[in-house]
**Student:** 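Before anything else, here's the structure in question.
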Amino acid sequence: MPYDNNNVFAKILRGEISCSKVYEDGFALAFYDIAPAAPTHVLVIPKGEFESFQDFAARASAEKMQGFFYAVQKVASQLGMDKNGYRLISNHGKEGGQVVPHFHVHLLAGKPLGALVAA
Ligand code: AMP
């Protein structure tokens, strides 16, 4: 499926929609989720047209992958999430619960997060 340039995260990357920015570098942008599922809930997205983790892992260069995941840990340490722990989630596709078709990881922290998947 071709990448949808009109998805909300593409618009955020182009500056057409504002976000509450946490971190940015040449590879990634991180911002607070508008509907937080934990006391701290941040999304990290790569700069590039990647639909999902599956797409990113298959097509991104080694430099882009390294740069992206380096940014994820930078965000976690910048927000102090690395001290007490955090959860890293990426939803892929319909049954994975992906809503926005631009690869992103959720960083969740700030309380004990309980079971991985609700029954
Ligand atoms: P997913 O279900 O993995 O695709 O997650 C998409 C996430 O994006 C959800 O947690 C939404 O709350 C979040 N979201 C959607 N639009 C925005 C936005 N404009 N700014 C910040 N977060 C958003």
Side-chain angles (χ1 to χ4, degrees):
M1 202 162 69
Y3 177 82
D4 171 13
N5 266 304
N6 284 319
N7 77 74
V8 65
F9 294 169
K11 289 180 179 173
I12 286 174
L13 275 177
R14 290 196 297 268
E16 295 167 12
I17 291 179
S18 64
C19 69
S20 181
K21 194 197 290 187
V22 173
Y23 175 86
E24 183 171 18
D25 65 18
F27 295 100
L29 173 68
F31 51 91
Y32 287 104
D33 196 295
I34 39 160
T40 307
H41 185 172
V42 170
L43 300 169
V44 191
I45 66 176
K47 291 187 172 177
E49 297 187 352
F50 299 103
E51 192 177 314
S52 66
F53 169 76
Q54 189 74 12
D55 184 31
F56 186 71
R59 289 197 305 109
S61 66
E63 187 192 22
K64 282 187 174 158
M65 285 188 208
Q66 199 270 338
F68 176 75
F69 286 106
Y70 181 80
V72 174
Q73 66 76 35
K74 283 275 282 187
V75 172
S77 60
Q78 184 178 304
L79 296 177
M81 293 175 161
D82 55 333
K83 302 287 185 298
N84 290 330
Y86 60 87
R87 182 166 292 159
L88 184 65
I89 295 174
S90 187
N91 298 321
H92 169 82
K94 199 167 135 202
E95 292 198 358
Q98 183 177 8
V99 173
V100 179
H102 181 107
F103 172 45
H104 53 281
V105 298
H106 299 253
L107 274 171
L108 301 145
K111 68 171 189 182
L113 292 168
L116 182 59
V117 178

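In each ligand, atom 1 is the first atom listed, and ligand 1 is the first ligand listed.
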**Student:** State the CG-OH distance between Leu107 and Tyr32, to the nearest 0.5 angstrom.
**Tutor:** 10.5 Å
**Student:** Using the side-chain hydrogen bond (donor to acceptor under 3.5 Å, both in side chains) criterion, which residues pair with Lys21? Sequence neighbours excluded.
**Tutor:** Glu24
**Student:** Excluding sequence neighbours, so at least two apart, what forms side-chain hydrogen bond (donor to acceptor under 3.5 Å, both in side chains) with Asp4?
**Tutor:** none
**Student:** Could you list each nitrogen or oxygen of ligand 1 that sits under 3.5 Å from a protein nitrogen or oxygen, with the atom names and the distance?
**Tutor:**
from: ligand 1; atom 1: 2 (O); to: Gly97; atom 2: O; distance (Å): 2.9
from: ligand 1; atom 1: 2 (O); to: Val99; atom 2: N; distance (Å): 3.4
from: ligand 1; atom 1: 3 (O); to: Asn91; atom 2: ND2; distance (Å): 2.9
from: ligand 1; atom 1: 3 (O); to: His104; atom 2: NE2; distance (Å): 2.7
from: ligand 1; atom 1: 3 (O); to: His106; atom 2: NE2; distance (Å): 2.8
from: ligand 1; atom 1: 4 (O); to: Val99; atom 2: N; distance (Å): 2.7
from: ligand 1; atom 1: 4 (O); to: Val100; atom 2: N; distance (Å): 2.9
from: ligand 1; atom 1: 4 (O); to: His104; atom 2: NE2; distance (Å): 3.0
from: ligand 1; atom 1: 5 (O); to: His104; atom 2: NE2; distance (Å): 3.2
from: ligand 1; atom 1: 5 (O); to: His106; atom 2: NE2; distance (Å): 3.4
from: ligand 1; atom 1: 10 (O); to: Asp33; atom 2: OD1; distance (Å): 3.3
from: ligand 1; atom 1: 10 (O); to: Asp33; atom 2: OD2; distance (Å): 2.5
from: ligand 1; atom 1: 12 (O); to: Asp33; atom 2: OD1; distance (Å): 2.5
from: ligand 1; atom 1: 22 (N); to: Ile34; atom 2: N; distance (Å): 3.2

**Student:** Using the test side-chain hydrogen bond (donor to acceptor under 3.5 Å, both in side chains), find all partners of Asp82 that sit at least two apart in sequence or belong to another chain.
**Tutor:** none
**Student:** Does a side-chain heavy-atom distance below 4.5 Å link Val42 with Phe31?
**Tutor:** no
**Student:** Do Lys11 and Arg14 make a side-chain contact, defined as non-hydrogen atoms from C-beta onward lying under 4.5 Å apart?
**Tutor:** yes
